[in-house]
Amino acid sequence: MSIESIIKSKVVEAVNSCYGQGIEEKTVQIQKTRREFEGDLTVVVFPFLRFSKKSPEETANELGQFLTENIEAVSAFNVVKGFLNLVIDNSHWISVLNEAVKTENYGFTPLAEGAKKVMIEYSSPNTNKPLHLGHIRNNLLGYSVAQILKANGYEVIKVNLVNDRGIHICKSMLAWLRFGEGETPESTGIKGDHLVGKYYVKFDQEYKKEIEALVAEGMEADEAKKQAPLLLEAQEMLRKWEAGDEETVALWRKMNDWVLEGFDITYKKMGVDFDKVYFESDTYKKGKAIVEKGLADGELYQKDTGSVWANLEADGLDHKLLLRDDGTSVYMTQDIGTAFERFDEFNIDEHVYVVGNEQNYHFQVLSLILGKLGYEWHDKIQHLSYGMVELPEGKMKSREGTVVDADDLMEEMVNTARETSKELGKLEGYSEEEAEDVYEKVAMGALKYFILKVDPKKNMMFNPKESIDFNGNTGPFIQYTYARIQSVVKKAIDTGFEIPEAASSNLNISEKESFLIQMVANYPTVIKEAGKETSPAQISNYVYDLVKEYNQFYHDHPIAKEENTDLRAFRLVLSKQIGEIIKSGMSLLGIGVPERM
RNA sequence: GGUCCAGUAGCUCAGUUGGAUUAGAGCAACAGCCUUCUAAGCUGUGGGUCCCAGGUUCGAAUCCUGGCUGGAUCACCA
């Protein structure tokens, strides 16, 4: 049991014995004592005044008296206004540290029998162009949240839904047919997704030319957009594809494979993966039967023209189309179908969708309609919504070429990491291969941390110059501290010092040291909180604070050079444990840590 | 217009289940610390009407109401 919960229950006892009043444990507020005051933990006594009917100071004194007498670890107390500051014994903190050290996967809840099963869908790219910065945020969030949920004892299934059909795919196909002259990834050496993306852009350019030509002939702009021959041809291609025309499907398959091969390389470099990949070309007709059943049950209604709708006015929303006049499905229909299948097939308890905030409305409606159709799990779908990534020059627009390409960005990061590392020259004795591994870890650590430290729901600014800064609140700063700890521990061992399994509890430790242990003690709570909020940012903020504190400690305290061997042992145990937490916390963000850098 | 989200230092962000005269980091600027465990580090200085106005209370950046600004969304597109 943690010291906080012991104090809580004792405060309840104290209020009862001093004032004869029963209170609930949750009314007891415990917080870290502010730096400027003496003590470790603070009880806020204001809520108890109406029971004690005494001044805040007096009440705090009486409770403090009771707690020091009744809790072994509490050695002293002081009162500032209505705040009761408790001093916790050093030996207690050291035992907390020792406990953490011997716990395997400290802070993690192991996967147990009957664990909750959660599916998380993320990435979900279109196969007409390469991945860009916005996708990076999506992928990093999805992967990290999956890691965090696993650490909370969930059984996690990661899935990707590839959007591989539709008019936008046909545009790339058509442009390639027209202007491609048989180019392939092999013939050009261009990564498949980039090659296809090139023709998606090409389509747009040629299409615009056609519109201009039509307008020059006197056609209205809106009409020209609809009548441009290229567009009509792309639409014709989509019809052929849907009819299963062999030639079209073969072309589609060939170009999709190029893109998917390209994506695999990008995913691998990003360090994300999936347990199952769905293709929209397989799923886009799903959900129809469910909608028809809903219509028969009277939950949905049909217009004279044949289309089927859901009336959401009771929930303050509009009407939503589910089947067109011609009976074909829309996006929402498909999502209803796949959600049903997933809950049915995998027997999942929850489903998280990592999708940008422009689809907030869509997911709100999805949940409402599923509820209307009588699925009790409709409130178990969670939209993990994230904001846009903006650039200093404004928004990213694929057509204007202001997108930041994922592959380019990652390559640039690695180059910068390589340069910086070579300047600092700390990797002597490493082989080329080992050194490259470090550059990659540092580069990806910088990128991932930069993106994940921001609260997902906020729009974020991506400044390329700042993102490659390796000082301050950055991934490399944290990785550096880890590498430094490994170096110190290694030096200590090299001198023949044996680091014990547990530190001696009878030591005089500094405030900084006891504070570091309190942070160590907090790690499990942080993981739980991050899981509850599905927020990697909570992990990154915690790890940053921990590292910041550790670096101050490192600066002021000798570790391997401490002469008192018990104290040296303690500091090494503490350092090693903090190293473990850094490694573990970073793994929850999908970031690796190098042993040297 | 309706709905949802955001607004904290010059810039990028923490802090939001209400808590301590003094609201925290990083970057940028300036000034220090490497013959001693990794200086991708540490220390210091300057920098704030926490968007505005009311309200709730012992106490509000945090909760409520109204407004302002920015973003997203409201298709027989996906």
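Numbered from 1 within each chain, the chains take letters A, B, ... in sequence-line order.
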- Any side-chain N or O of A/Arg484 less than 4.0 Å from the OP1 or OP2 oxygen of B/A39? yes
- Message: Strictly below 4.0 Å: does A/Lys548 bring a side-chain N or O up to OP1 or OP2 of B/G26?
- Response: yes
- May I ask you to evaluate whether A/Asn551 reaches the phosphate of B/C42, defined as a side-chain N or O under 4.0 Å from OP1 or OP2? yes
- Task: Looking at every strand, decide which applies to A/Tyr544 at a 4.0 Å heavy-atom threshold: base, sugar-phosphate, or nothing.
- Result: sugar-phosphate
- Taking only N and O in the side chain of A/Arg165, is any of them less than 4.0 Å away from OP1 or OP2 of B/C77? no
- What residue pairs, at least two apart or across chains, pass salt bridge (Lys or Arg N to Asp or Glu O under 4.0 Å) with a residue in residues 306-319 of chain A? none
- Message: In whole Å, I'd like the distance from the CD1 atom of A/Ile169 to the P atom of B/A78.
- Response: 13 Å
- Heavy-atom protein contacts under 4.0 Å, nucleotides 16-24 of chain B, coded B base, S sugar-phosphate only, - none: ---BBS---
- If a pair satisfies salt bridge (Lys or Arg N to Asp or Glu O under 4.0 Å) and one of its residues is in residues 548-562 of chain A, list it, with sequence neighbours excluded. A/Arg35-A/Glu549, A/Lys512-A/Glu549, A/Glu562-A/Arg571
- Query: Under 4.0 angstrom, heavy atoms only, what part of the nucleic acid is A/Glu595 near: base, sugar-phosphate, or nothing?
  - Reply: base
Would you list the atom pairs, donor with acceptor, under 3.5 Å between side chains in residues 300-307 of chain A and any protein atom, with sequence neighbours excluded?
from, atom 1, to, atom 2, distance (Å)
A/Tyr301, OH, A/His319, ND1, 2.6
A/Gln302, NE2, A/Gly306, O, 2.9
A/Thr305, OG1, A/Asp325, OD1, 3.0
A/Ser307, OG, A/Trp309, NE1, 2.8
A/Ser307, OG, A/Asp325, OD1, 3.4

- Which part of the nucleic acid, if any, lies within reach of A/Gln364 when heavy atoms closer than 4.0 Å are counted: base, sugar-phosphate only, or nothing? nothing
- Query: Checking only heavy atoms, does the side chain of A/Ser385 share a donor-acceptor pair with the base of B/C5 at less than 3.5 Å?
  - Reply: no
- hbond_proxy A/Asp318 side chain to B/C74 base (donor-acceptor, 3.5 Å cutoff): no
- Task: Examine B/C37: is either OP1 or OP2 under 4.0 Å from a nitrogen or oxygen in the side chain of A/Arg568? Give yes or no.
- Result: no
- Query: Should the pair A/Glu236-A/Arg239 be classified as a salt bridge under the 4.0 Å nitrogen-to-oxygen rule?
  - Reply: yes
- Task: May I ask you to say what A/His557 touches in the nucleic acid, namely base, sugar-phosphate or nothing, with a heavy-atom cut-off under 4.0 Å?
- Result: base
- Message: Going by salt bridge (Lys or Arg N to Asp or Glu O under 4.0 Å), name the residues that satisfy it together with A/Asp545, two or more places apart in sequence or in a different chain.
- Response: none
- A/Glu440: salt bridge (Lys or Arg N to Asp or Glu O under 4.0 Å) partners, not counting sequence neighbours: none
- Using a heavy-atom cut-off of under 4.0 Å over every strand shown, decide if A/Thr328 touches base, sugar-phosphate, or nothing. nothing
